[in-house]
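Below you'll find the structure, written out as structure tokens, and then a few comments.
In what follows, every heavy atom counts, from backbone to side chain, and hydrogens, waters and symmetry copies are set aside. Letters A, B, ... mirror the listed sequences (proteins, then strands); counts begin at 1. Note that the coordinates shown come from a computational prediction; the quantities given were computed from them, not determined experimentally.
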Amino acid sequence: MKDTTTFSIPVLFNVHSFQTDLISWYLSIKRDLPWRLNQDPYRVWVSEIMLQQTQVDTVIPYFNQFMNRFPTTYDLANAEEQDVLKSWEGLGYYSRARNLHAAVKEVVASYDGEVPHEKDKLKKLKGIGPYTLGAILSIAFNQPEPAVDGNVMRVMSRVFHIEEDIAKPRTKKIFEDVVREVISHDDPSSFNQGLMELGALICTPQKPKCDQCPVQEHCLAYEYGNQTDLPIKSKKKKQKQTDFYGLIIQNKHGELLIQKRPSEGLLANLWEFPLMPKSELPIEEWFKQHYGADLSVNAKRGQVRHVFSHVIWNIELVFAQVEGEEIDYGQFVTADQLKEYPFPNVQYKMMDEIL
DNA sequence: AAGGCGGGGGA
DNA sequence: TCCCCAGCCTT
């Protein structure tokens, strides 16, 4: 069997020197981040999930708060999902929180609350993909496994002058093979974290600081002078827009109508003010159909625009009063009770408009 | 392989 | 604006 995508490390590449330069640099400059306090696998795990597609500075306060609230696997496993989501509120990609919660329950049920160090067991846990698997194995258990993220693909594409499109799924395998060939077996943790730290601080997407780079002498792209052309990445298409009415509805007691979103899809299991897709239908008629109650619209006032990774919402705020006490869907809460529920940021934008 | 899935920061 | 970020899951 033949694999045409295999990549070979150049004969003249000094693997040991590369490892030493990278690791000694990392150990000398590494940032004092909260998840580097110790090697507790649970802490490493939580941090790696939070760091998916999310920058370090954003994660720090969430991590501290989360570990304070759920210090051990047992604490998290015994928590209600709504409380976990409340801790995740505003961080985004909420399936990460739901998957982590489910996976930690599995760890408590099957492994006595101890995060397994076996690759096959770890990989089966919800939310642990190829990257997080390698990150936990190397950082918490010191195993020489690749942890290839965006940073690593950028750094390695430059060091080895690899021109494959990093937006393609199969390209990641090439970089995993590369890392397997050059990773340090003495200190895989520092090696992997060093690659990521390098990508975050020196080998940045724009204007890489090559003059400060600890592995400059190993870098083919630097030698060729085209480091800013790498990595190659195809563009993704832009988001579609959707228009909604955001319904701010009060009952006669001044309470607000909120509802829980479906258990799947965008912002699953979070809460919201009712959103009505804009159509030809009058608001009152649409509301009667879906909620079985009569509405009197007071005013349309305020506009909220929210950009997700794949869609854009344009929301026109509508203030209304509902008649009667009964409603088929959702529930009325006081302004004070609002903060007990997990809301996505787009809903906080709407609340800001209300004030 | 492609697309869904958040939110923030930098240029 | 656009791109990027310590990616994973479903189809």
Side-chain angles (χ1 to χ4, degrees), chain A residues 26 30-31 33-36 43-63 85 88-100 102-103 122-140 146-155 165-173 175-176 179 189 191-201 203-208 228 231 233-240 261-262 264-270 272 305-313 342-349:
Chain A
Y26 171 71
K30 69 172 180 176
R31 292 171 287 179
L33 302 173
W35 45 89
R36 289 177 177 162
R43 288 173 67 88
V44 173
W45 182 8
V46 171
S47 72
E48 290 301 339
I49 299 298
M50 286 189 172
L51 285 161
Q52 290 169 10
Q53 299 293 289
T54 311
Q55 297 184 348
V56 166
D57 289 340
T58 305
V59 167
I60 290 174
Y62 280 92
F63 178 81
L85 286 174
W88 211 269
E89 184 181 63
L91 193 56
Y93 285 137
Y94 299 94
S95 65
R96 293 183 296 177
R98 292 185 289 117
N99 288 338
L100 174 63
L122 213 43
K123 181 71 183 68
K124 286 197 182 83
L125 295 172
K126 275 191 179 179
I128 298 187
Y131 164 75
T132 307
L133 176 68
I136 295 174
L137 288 175
S138 61
I139 297 172
V148 175
D149 67 342
N151 283 313
V152 173
M153 286 200 281
R154 184 172 58 257
V155 170
D165 182 359
I166 66 166
K168 301 282 185 199
R170 69 167 176 277
T171 302
K172 184 185 292 187
K173 288 186 186 162
F175 287 98
E176 286 171 351
V179 172
S189 171
F191 182 90
N192 278 344
Q193 293 190 80
L195 280 182
M196 293 187 268
E197 201 88 336
L198 189 62
L201 301 179
C203 198
T204 48
Q206 266 75 39
K207 298 183 181 178
T228 55
K233 186 174 188 180
S234 54
K235 300 186 195 308
K236 54 174 191 261
K237 43 189 180 183
K238 61 178 187 182
Q239 309 98 321
K240 288 185 175 159
R261 291 180 59 83
E264 292 185 343
L266 184 59
L267 306 172
N269 288 351
L270 277 77
E272 66 182 0
R305 174 185 160 86
H306 191 77
V307 179
F308 297 95
S309 49
H310 60 297
V311 69
I312 296 175
W313 283 2
F343 289 93
N345 274 13
V346 59
Q347 294 291 329
Y348 279 106
K349 284 188 188 174

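Side-chain N or O atoms of Arg261(A) include none that pairs as donor or acceptor with a backbone N or O of Glu272(A) at under 3.5 Å. Under the 3.5 Å distance criterion, the side-chain polar atoms of Tyr62(A) are matched with a main-chain donor or acceptor of Glu89(A). Distance alone, capped at 3.5 Å, is enough to place a donor-acceptor pair between the Arg43(A) side chain and the Pro34(A) backbone.
To the nearest whole angstrom, the two C1' atoms, one in dC9(C) and one in dG8(B), are 23 Å apart. For the C1' atoms, the distance from dC8(C) to dG9(B) is 23 Å, rounded to whole Å. Remark: the separation of the C1' atoms in dG6(B) and dC5(C) is 12 Å, to the nearest Å. Atom name P, nucleotides dG3(B) and dC3(C): the rounded distance is 16 Å, in whole Å. Rounded to whole Å, the separation between the C1' atoms of dA6(C) and dA11(B) comes to 22 Å.
Under the side chain to side chain contact (heavy atoms under 4.5 Å, CB included) criterion, Tyr93(A) pairs with Gln53(A), Arg96(A), Ser309(A), sequence neighbours left out. Every residue two or more places apart in sequence or in another chain that forms a side chain to side chain contact (heavy atoms under 4.5 Å, CB included) with Gln239(A) is listed here: Val307(A), Ile312(A).
Between Gln239(A) atom CD and dG6(B) atom C1' there is a gap of 11 Å when expressed in whole angstrom units. Note: CZ (Arg96(A)) to C1' (dG6(B)) measures 8 Å, nearest angstrom.
Note that the CD1 atom of Ile49(A) and the CG atom of Leu91(A) stand 11.5 Å from one another [nearest 0.5 Å]. Between the CZ atom of Phe343(A) and the OH atom of Tyr348(A) there is a distance of 6.5 Å, given to the nearest 0.5 Å.
Among the protein residues, Thr132(A) comes within range of the sugar-phosphate backbone only, with heavy atoms under 4.0 Å from sugar or phosphate atoms but none that close to a base. Among the atoms of the strands shown, none is found under 4.0 Å from any heavy atom of Trp313(A). Residue contacts for Val56(A): at a heavy-atom cut-off of 4.0 Å it reaches a base atom on one of the strands shown. As judged by a 4.0 angstrom heavy-atom cut-off over every strand, Lys238(A) is placed among residues making no nucleic acid contact. Residue Arg261(A) is out of contact with every strand shown, counting any heavy-atom pair closer than 4.0 Å.
In terms of heavy-atom proximity, Ile166(A) sits nearest to Thr171(A) at CA-CG2, 4.0 Å. In terms of heavy atoms, Trp88(A) sits closest to Leu100(A) at CZ3-CD2, 4.2 Å.
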Under 3.5 Å donor-acceptor pairs involving side-chain atoms of residues 125-134 of chain A, not counting sequence neighbours:
residue	atom	partner	partner atom	Å
Tyr131(A)	OH	Glu48(A)	OE1	2.6
Thr132(A)	OG1	Gln52(A)	NE2	3.0

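Of the two residues near DNA chain B, Gly265(A) and Lys168(A), the one whose nearest nucleotide lies more 5' is Lys168(A). Residue order along DNA chain C, read from the 5' end via each residue's closest nucleotide, puts Arg154(A) first among Arg154(A) and Ile128(A).
Neither OP1 nor OP2 of dG3(B) sits under 4.0 Å from any side-chain N or O of His310(A).
Ring planes of His306(A) and Phe308(A): perpendicular class, angle over 60° (limits at 30 and 60°).
A salt bridge links Arg31(A) and Glu197(A); the closest N-O separation between the charged side-chain nitrogens and carboxylate oxygens is under 4.0 Å.
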Filtered N/O pairs between nucleotides 7-11 of chain B and protein, under 3.5 Å:
residue	atom	partner	partner atom	Å
dG7(B)	OP1	Tyr94(A)	OH	2.7
dG7(B)	OP1	Asn345(A)	N	2.9
dG7(B)	OP2	His306(A)	NE2	2.9
dG7(B)	O3'	Asn345(A)	ND2	2.9
dG8(B)	OP1	Asn345(A)	ND2	2.7
dG8(B)	OP2	Asn345(A)	ND2	3.4

Dot-bracket, 5' to 3', for DNA chain B please: Watson-Crick or G-U pairs under 3.5 Å, [ ] where pairs cross earlier ones, | where the partner sits on another strand, dots elsewhere. |||||.|||||
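Chain A approaches DNA chain C within less than 4.0 angstrom (heavy atoms of the protein), and the contacting nucleotides run 5' to 3' from dC3(C) to dC9(C).
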